[in-house]
Amino acid sequence: MSVITRLDATQSDFDERLDALLAWESVSDANVAGVVSDILREVKARGDDALVEYTNRFDRRQVASVDELVIKPEQLHAALHSISGEQRDALQVAAERIRQYHQHQRQESWQYTEADGTVLGQQITAMERVGLYVPGGKASYPSSVLMNAIPAKVAGVEQLTMVVPAPDGELSPMVLAAAAIAGVDRVITIGGAQAVAALAYGTNTITRVDKIVGPGNIYVATAKRAVFGQVAIDMIAGPSEILVVCDGKTDPDWIAMDLFSQAEHDEQAQAILVSPDEEFLNKVEAAIERLLPGLERTAIAATSLKNRGALIKVANIEQALEVSNRIAPEHLELSVEDPQALLPAVRHAGAIFMGRYTPEALGDYCAGPNHVLPTSGTARFSSPLGVYDFQKRSSIIQCSAQGASTLGKVASVLARSESLEAHARSAEYRIID
Ligand code: NAD
């Protein structure tokens, strides 16, 4: 039984087989929706009391008030000093690189003046308050803290509130240390739908936010969907994906490990290699078989590769890019000699990893660009999380007397055609000739 599906883009059934491979069950569950809507309603109505009850129940805590769930600044500081020097340095280097990269994304306000003195423009402002959800149930993700918090801070968000569940009162010091390094303003150890509700509606202790970002399990995702409109949200991420385009000249072990780096995330993750070199595909398949048992998460990676992975043979590199554009992968590795030459042909991808020395793993942690990326083909219309996701635009219009006169004539005609008399007169009052 083969470890991974083999496909050939030159065969007539390829489109059909690729579609079947890309299909995945979006997790939605009527039971969960009911539980989440109860939690949202209760937290909205009863605030802190409901928050304490749900936290005690779902995270097996025994607290009497939300104050006990708030992490004090000295605890953040202590976490920073409880981790090893090596870990602290790694977090600091990653944070600094992420900050540097995201500084380039800041949008600036602009204005221009027309011949009659009218000024038009766009003013950029930061959101005031943002909530960051950090998953804490089954594993801890310090890199998620950096990737979500730093762009918000670079944008100029004043109050960044992080929520992270602490099941049985346990919390990862790395997550707290990352929060300290990223400049998070407040950390509260709550999670699930109740944390999303508290951020969206506010309670006596928790100030409501303007936007909620960060990944989480089905309870978190369902709650984020439900509060959208009341607050902004980032996205609802699907399973993670990597697509590697390789000319056949990279070490097959490197490529196998790059595929594993995605497959080990979860059983629904998708890892695909596309190459025109059949012999190379055979070598990568052999490397997968040889290296897979040596991973920590062999069973998860094996299931992911078996159900959703593929090695795809194409006629040439051009066809490899056609396949890639069709998939619009979250992560695209161009493991070829001259990736810059291929770049103009890449139409849709969340992040593009260029050349043989750029594995996705470096981008996940510390290269600088964001690791929160569009999944499930949504790179066709959306972009990585960035500073711009925490900035807003306001239009600026400042008419001169002459400008108001010229525009007033146009506006009054259009207003009357819409039967809006007050609009028309408001414009006409300012006509001077
Ligand atoms: P989590 O913090 O998302 O969820 C834990 C919370 O779920 C608990 O605090 C509890 O409130 C709630 N919950 C659990 N069981 C419940 C129940 N029966 N009823 C009501 N509420 C309940 O942590 P997790 O569960 O470990 O999930 C983490 C998720 O985040 C995973 O799905 C992982 O794949 C995802 N993740 C995604 C990315 C990404 O970039 N896409 C990154 C990191 C993590």
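Below, all heavy atoms of this structure are taken into account, side chains as well, without hydrogens, waters or symmetry copies. Order of appearance sets the numbers: ligands from 1, and atoms from 1 within every ligand. For the single chain, residues carry numbers from 1 onward in sequence order.
- Salt bridge annotation for D67-K72: absent, with no cationic side-chain nitrogen under 4.0 angstrom from a carboxylate oxygen.
- Contact check on D277 versus K313 returns no salt bridge, with no Lys/Arg side-chain nitrogen under 4.0 Å from an Asp/Glu carboxylate oxygen.
- Backbone and side-chain nitrogen or oxygen atoms of Y141 are examined, and none is located within less than 3.5 angstrom of a nitrogen or oxygen of ligand 1.
- Both the backbone and the side chain of P135 come within contact range of ligand 1, each with a heavy atom under 4.0 Å.
- Put simply, the side chain of S140 never gets that close to the backbone of G136: no donor and acceptor are under 3.5 Å apart.
- For ligand 1, the polar-atom distance check finds no N/O of V134 at less than 3.5 Å from any of the ligand's N/O atoms.
- Heavy-atom contacts of P165 reach the following atoms of ligand 1: 2 (O), 9 (O) (cutoff under 4.0 Å).
- By the criterion of a heavy-atom distance under 4.0 Å, the side chain of Q194, and not its backbone, is placed next to ligand 1.
- At a 4.0 Å cut-off, not a single heavy atom of D266 sits close enough to ligand 1 to count as contact.
- Between K153 and D185 there is a salt bridge, since a side-chain N of the basic residue sits under 4.0 Å from a carboxylate O of the acidic one.
- By the 4.0 Å N-to-carboxylate-O rule, R308 lies too far from E267 to be salt-bridged with it.
- For ligand 1, the atoms lying closer than 4.0 Å to a non-hydrogen atom of D59 are 8 (C), 9 (O), 10 (C).
- Atoms of ligand 1 found under 4.0 Å from any heavy atom of V220 (numbered from 1 in listed order, with element): 3 (O).
- Only the side chain of Y133 comes within 4.0 Å of ligand 1, judged by heavy-atom distances.
- The pair D49-R46 does not meet the salt-bridge criterion, since no charged nitrogen lies less than 4.0 angstrom from a carboxylate oxygen.
- Annotation: S144 places no N or O atom under 3.5 Å from an N or O atom of ligand 1; distance criterion only.
- The pair R61-E68 does not meet the salt-bridge criterion, since no charged nitrogen lies less than 4.0 angstrom from a carboxylate oxygen.
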